[in-house]
Amino acid sequence: MVNTTIKTTKSQEVFAAAQNLMPGGVSSPVRAFKSVGGQPIVFDRVKGAYIWDVDGNQYIDYVGTWGPAICGHAHPEVIAALHEALEKGTSFGAPSVLENVLAEMVIDAVPSIEMVRFVNSGTEACIGVLRLMRAFTNRDKIIKFEGCYHGHADAFLVKAGSGVATLGLPDSPGVPKSATSTTLTAPFNDLEAVKALFEENRDEIAGVILEPVVGNAGFIAPDAGFLEGLRELTHEHGALLVFDEVMTGFRIAYGGAQEKFGLTPDLTTLGKVIGGGLPVGAYGGRRDIMSMVAPAGPVYQAGTLSGNPLAMTAGIKTLELLQKPGTYEYLDRITKKLADGLLQIAKENGHAICGGQISAMFGLFYTSGPVHNYEDAKKSDTAKFGRFHRGMLEHGVYLAPSQFEAGFTSFAHTEEDIDQTLAVARDVISSL
Ligand code: KE4
């Protein structure tokens, strides 16, 4: 099925050609619209809260390139800073003052981070942090949560979220048992399950890694006491607590979910926002742990383009923009208006629905819920979500093309954009 009400001829042509060139015609699986039906639209340009496709259709964008565009796409101050940086070259492969600047901003912002290492993606950050937590504790096993996604490294492709969940992949072929035999899983928000894993694997668990607010199984907030319980359990068992804040970092609050919930993990991964749309990931944490990373210590991790001046520049400018007073109050207010509005419209039309938002991150499930974990999320009506997604798309609103993703706003989104989105939703949801 292709868009019926908007002209997407050129998108279809370009995507058809792409499918001959790249697996699934995309550079990342979730972009292929597999779980919502229809063909993806091909972008031509982005600006602020909006995107335009190659047929000239304009959309209000709630994906924001999966999180980085929290200041709106192509913010003029970010673009200007990049133009200036470009004149000095694109990559040094050597220390630059820009790395110091962004490192200081990250350390100042994120409670758990005393030292930081930049990499090129969230996946790389999670690979680095996994090796580090194992080296520091001299233990091999880790606990992750069903539906959480920590990038596509072998060890994490166990009951993963995001595109793995979207495509309903059991996990992934090509991942040897040896790579996942030390990955233990528990349902999100289930402290008893985590306690049991620690009892059954006494002194063998290096740490617990989680999305403190889940975005990759759809939007799932931590139950009261869950994060605190994990902090206590990891302390009790000599294991590390790792917050994967690739998605929540600088989005849930300037200092991430750990600032919002007042809870400090031992290590944190970051990505998306800190690159301002250019490839950047990072991992950081306690100085005694980070000092083990090569060349300060023996834990090896490296990258040709890590800390490159363009990505550092975009990240620095983005964080500067986010420091403006009132930013997060605004993000919370408009996102709450959007989420509450969508829930209310669906309920008025007799649909079972639940969901919510925290700051500039939101999500909804077509089920009465509540949704505390991935099993609950999978009970939702994904076919109805697909019809909702398609309907909104055909009326100029671009939502994440999967039930198992979260939605993102930016401070470029205006009250009028939210009102327009809710007006479209009234039409679409009434005919779901
Ligand atoms: P990247 O390697 O995609 O930069 O980051 C991996 C990652 C790690 N941890 C969390 C919590 C993440 O959300 C991600 C990546 N998020 C997905 C969207 N859910 C990226 C989009 C995609 O895979 O195309």
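Just so you know, ligand 1 is whichever comes first in the structure, and atom 1 is the first atom listed for that ligand.
Side chain of Asn189 to main chain of Asp223: a donor-acceptor pair is present (N/O by atom type, distance under 3.5 Å, no hydrogens or angles). Counting only distance, with no hydrogens or angles, the side chain of Arg251 and the backbone of Thr409 share a donor-acceptor pair below 3.5 Å. Without hydrogens or angle criteria, Arg231 side chain to Thr264 main chain gives a donor-acceptor distance under 3.5 Å.
Proximity to Ser121 (heavy-atom distance under 4.0 Å) selects the following atoms of ligand 1: 2 (O), 4 (O). Distances below 4.0 Å separate heavy atoms of Gly151 from the following atoms of ligand 1: 6 (C), 7 (C), 8 (C). Ligand 1 places these atoms under 4.0 Å from at least one heavy atom of Val30: 22 (C), 24 (O).
Nearest protein neighbour of atom 21 (C) of ligand 1, counting heavy atoms only, is Trp66 CG, 3.8 Å. Distance from atom 23 (O) of ligand 1 to its nearest protein heavy atom, with residue and atom name: Ser28 OG, 3.4 Å. Scanning the protein for heavy atoms near atom 20 (C) of ligand 1, the closest one is Lys272 NZ, 3.5 Å. Atom 3 (O) of ligand 1 has as its closest protein heavy atom Thr123 OG1, 4.6 Å. Among protein heavy atoms, atom 10 (C) of ligand 1 sits closest to Tyr149 O, 3.3 Å.
When non-hydrogen atoms are compared, ligand 1 lies under 4.0 Å from the side chain of Glu405 (C-beta onward) but not from its backbone.
Here's the thing with His150: none of its N/O atoms is less than 3.5 angstrom from an N/O atom of ligand 1. Taking distance alone, with nitrogen or oxygen atoms compared against 3.5 Å, Gly122 approaches ligand 1 more closely than that limit. Considering backbone and side-chain N/O of Glu211, none are found under 3.5 Å from N/O of ligand 1. At under 3.5 Å, a nitrogen or oxygen of Asp244, whether backbone or side chain, sits near a nitrogen or oxygen of ligand 1. Checked against a 3.5 angstrom limit, the closest N/O atoms of Asn216 and ligand 1 fall inside it.
Taking CD from Gln39 and CG from Leu393, the interatomic distance works out to 12.0 Å, rounded to the nearest 0.5 Å.
A centroid separation of less than 6.0 Å is found between the aromatic rings of Phe145 and Phe226. Remark: aromatic rings of Phe15 and Phe33 are distant, center separation not under 6.0 Å.
With no hydrogens or angles considered, no side-chain donor-acceptor pair links Thr8 and Asp55 at under 3.5 Å.
Minimum interatomic distance between Leu343 and Cys354 (heavy atoms only, all atoms of both residues): CD2-C, 3.6 Å.
One finds no salt bridge joining Lys336 and Asp332 here, because no Lys/Arg side-chain nitrogen approaches an Asp/Glu carboxylate oxygen to under 4.0 Å.
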